[in-house]
A.B. asks: 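Let me give you the structure first, and then I'll get to my questions.
On a predicted model such as this, the values are computed, not experimentally measured, just so you know. Counting from 1, the numbers follow the sequence of the chain as shown.
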Amino acid sequence: MTETSRKPGAQLPKGKVIITCAVTGAIHTPTMSPYLPITPDQIAAEAIAAAEAGAAILHLHARDPETGKPDQTPAAFARFLPRIKQATNAAINITTGGSPYMKVEERVRPAAEFKPEVASLNMGSINFGLYHLVDKYETFKFDWEKPHLEATRDLVFRNSFKDIEYILAICYDNGTRFEFECYDIAHLYNLSHFADRGLVKPPFFVQSVFGLLGGIGTHPEDVAHMKRTADRLFGDQFRWSVLGAGASQLRIAAQSAALGGNIRVGLEDSLWAGKGKLAKSNAEQVVLARKIIEGLGMEVATPDEAREILSLKGGDKVAF
């Protein structure tokens, strides 16, 4: 596909905005917030509450319930996936990012086994710096946390073309569609490359990631540049969403909604619910996102509306 073959101006129908909630992730460590969900019970409860607050999509990672360390085994996901599905109508999005320390074969296993409606897919390699967070804490709750953060001074989060092809080959035949996570402008061009090869099909759900050390920044011009580039590359064949790391979360969410985009919140991306105020739950952030959307005169998309917008296969076609 050439750029000129794509119609400009991708917008959501009828002013509907999809809220994704990323419940726990693999970036933040237990010391950073007492509210970070770690156990299967906590992850399930947080996900269900986020859906009740208005999240149409739940983006899920798993952790070791004893230490909070990221755990990408299918067994870890099996402890909460059925419970969340039974309690909500939300579309479930399983990470294939896992942790930057994991190999792609490990990262893809839960999505391959459980065949979710959506899986995340990182669209390029980046330096992935978390080491600057170490000095914020005098002590850590678990021994693994400080070395985990410090080691990112020399960490490249590998997402090569071969890795991306590997995940696509395993998951696409399952009917799983992707949240294409783009940490920089080049990642949009990588997605365009895979579209030109026919390996991904529209509508593309493009998740622009702002504020991680090693990726694009959080200035309003960075956000606008991402949107302009995606518009030029994909026209009406994509649906845009944003996540802002840390304190930039809600400001970038507001800019996205004003530009016709979608919003991702959750304790994976930010631990905050205002300046100096730790969010006590994922649902608290979903409520704040909902206020932004409704304050702009738009409506929050229901899970079934999100399925229609993103051409998802439906919750009855997953393997959990």
Side-chain angles (χ1 to χ4, degrees), residues 20-32 36-48 50 57-88 90-122 128 130 140-145 147-149 151-152 155-160 162-179 181 266-269 282 315 317-320:
T20 296
C21 184
V23 173
T24 187
I27 292 175
H28 296 122
T29 68
T31 295
M32 296 178 182
L36 184 70
I38 291 171
T39 69
D41 286 348
Q42 291 168 343
I43 292 170
E46 285 283 305
I48 292 164
I57 299 174
L58 300 170
H59 174 66
L60 301 175
H61 288 242
R63 292 179 181 260
D64 181 316
E66 299 297 327
T67 66
K69 195 171 185 179
D71 185 346
Q72 198 66 6
T73 61
F77 284 79
R79 297 185 185 107
F80 53 75
L81 284 176
R83 294 157 63 182
I84 296 170
K85 183 189 174 193
Q86 290 165 11
T88 82
I92 291 178
N93 174 340
I94 294 178
T95 180
T96 70
S99 164
Y101 294 100
M102 298 173 181
K103 293 184 177 180
V104 68
E105 293 83 1
E106 181 182 3
R107 289 160 43 193
V108 78
R109 286 179 61 204
E113 179 163 332
F114 296 114
K115 303 175 175 58
E117 292 186 77
V118 189
S120 65
L121 180 53
N122 297 330
F128 201 87
L130 304 173
F140 288 88
K141 186 175 180 181
F142 296 104
D143 291 343
W144 68 271
E145 295 180 70
H148 169 86
L149 297 171
T152 64
L155 178 66
V156 174
F157 190 2
R158 175 189 160 122
N159 296 284
S160 68
K162 183 178 179 181
D163 292 343
I164 295 168
E165 289 170 351
Y166 178 79
I167 293 172
L168 289 172
I170 288 176
C171 294
Y172 237 139
D173 287 345
N174 296 331
T176 297
R177 295 185 65 82
F178 291 93
E179 172 199 25
E181 296 199 3
L267 297 182
E268 172 174 351
D269 305 330
N282 282 275
K317 296 179 176 66
V318 299
F320 56 91

A.B. asks: Please report the interatomic distance CD(Glu179) to OG1(Thr20), rounded to the nearest 0.5 Å.
C.D. replies: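 Separation between the atoms: 6.0 Å.
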A.B. asks: Compare every heavy atom of Phe128 with every heavy atom of Thr152, then report the nearest pair and how far apart it is.
C.D. replies: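 Shortest heavy-atom separation between Thr152 and Phe128 comes out as CB-O, 3.1 Å.
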A.B. asks: Can you say whether the rings of His59 and His61 are parallel (under 30°), tilted (30 to 60°) or perpendicular (over 60°)?
C.D. replies: perpendicular
A.B. asks: Grab the two heavy atoms, one from Pro70 and one from Ser99, that are nearest each other, plus how far apart they are.
C.D. replies: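 Residues Pro70 and Ser99, closest heavy atoms: CB-CB, 4.2 Å.
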A.B. asks: Is any side-chain heavy atom of Leu267 closer than 4.5 Å to a side-chain heavy atom of Thr24?
C.D. replies: no
A.B. asks: Starting at CD of Glu46, measure out to CD1 of Ile84 and round the result to the nearest 0.5 Å.
C.D. replies: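 Output value for this atom pair is 10.5 Å.
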A.B. asks: Could you give the distance from CD1 (Ile43) to CZ (Phe77), rounded to the nearest 0.5 Å?
C.D. replies: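 Ile43 atom CD1 to Phe77 atom CZ measures 8.0 Å (nearest 0.5 Å).
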A.B. asks: Is any side-chain heavy atom of Thr29 closer than 4.5 Å to a side-chain heavy atom of Leu130?
C.D. replies: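 No; the side chains remain at least 4.5 Å from each other.
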A.B. asks: What is the minimum heavy-atom distance between Asn174 and Ala111, and which atoms define it?
C.D. replies: ND2-O, 4.5 Å
A.B. asks: Do side-chain atoms of Thr95 reach the backbone of Ser120 as a donor and acceptor pair under 3.5 angstrom?
C.D. replies: no
A.B. asks: Any side-chain heavy atom of Val118 within less than 4.5 Å of one from Arg177?
C.D. replies: no
A.B. asks: Any side-chain donor-acceptor pair under 3.5 Å between Thr73 and Asp71?
C.D. replies: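 Asp71 and Thr73 do have a side-chain donor-acceptor pair below 3.5 Å.
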A.B. asks: For the atom pair CZ (Phe142) and CD1 (Ile38), what is the distance rounded to the nearest 0.5 Å?
C.D. replies: 6.0 Å
A.B. asks: With sequence neighbours excluded, tell me which residues meet side chain to side chain contact (heavy atoms under 4.5 Å, CB included) with Ile170.
C.D. replies: Val108, Ala112, Tyr166
A.B. asks: Between Thr96 and Leu121, which heavy-atom pair has the shortest distance, and what is it?
C.D. replies: OG1-CA, 3.8 Å
A.B. asks: Keeping the roles fixed (side chain from Gln72, backbone from Met102), state whether a donor-acceptor pair exists under 3.5 Å.
C.D. replies: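 No; zero donor-acceptor contacts below 3.5 Å.
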A.B. asks: As an exercise, state the distance from CG of Asn93 to CG of Leu60, rounded to the nearest 0.5 Å.
C.D. replies: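 With rounding to 0.5 Å, CG (Asn93) is 7.5 Å from CG (Leu60).
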A.B. asks: Locate the shortest heavy-atom distance separating Pro116 from Phe320; write the atom from each residue and the value.
C.D. replies: CA-CE2, 4.3 Å
A.B. asks: Determine which pairs satisfy salt bridge (charged side-chain N to carboxylate O under 4.0 Å, His left out) with at least one residue from residues 75-85, sequence neighbours left out, and list them in order.
C.D. replies: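 As it turns out, the salt bridge (charged side-chain N to carboxylate O under 4.0 Å, His left out) pairs with a partner in residues 75-85, which skip direct neighbours, are Asp41-Arg83.
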A.B. asks: For residues Ala50 and Asn282, report the shortest heavy-atom separation together with the two atoms involved.
C.D. replies: CB-CB, 4.3 Å
A.B. asks: For residues 103-114, which residue pairs qualify under side-chain hydrogen bond (donor to acceptor under 3.5 Å, both in side chains), counting only residues two or more places apart or in two chains?
C.D. replies: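 Passing the test, one end in residues 103-114: Arg107-Asn159.
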A.B. asks: In Å, rounded to the nearest 0.5 Å, how long is the span from CD1 of Ile94 to NZ of Lys115?
C.D. replies: 10.5 Å
A.B. asks: Could you tell me how the ring of His148 sits relative to the ring of Tyr101: parallel (under 30°), tilted (30 to 60°) or perpendicular (over 60°)?
C.D. replies: tilted
A.B. asks: Show your reasoning for whether side chain to side chain contact (heavy atoms under 4.5 Å, CB included) applies to Ile92 and Phe114.
C.D. replies: CA-CA 10 Å; Ile92 291 178; Phe114 296 114; over 6 Å; no
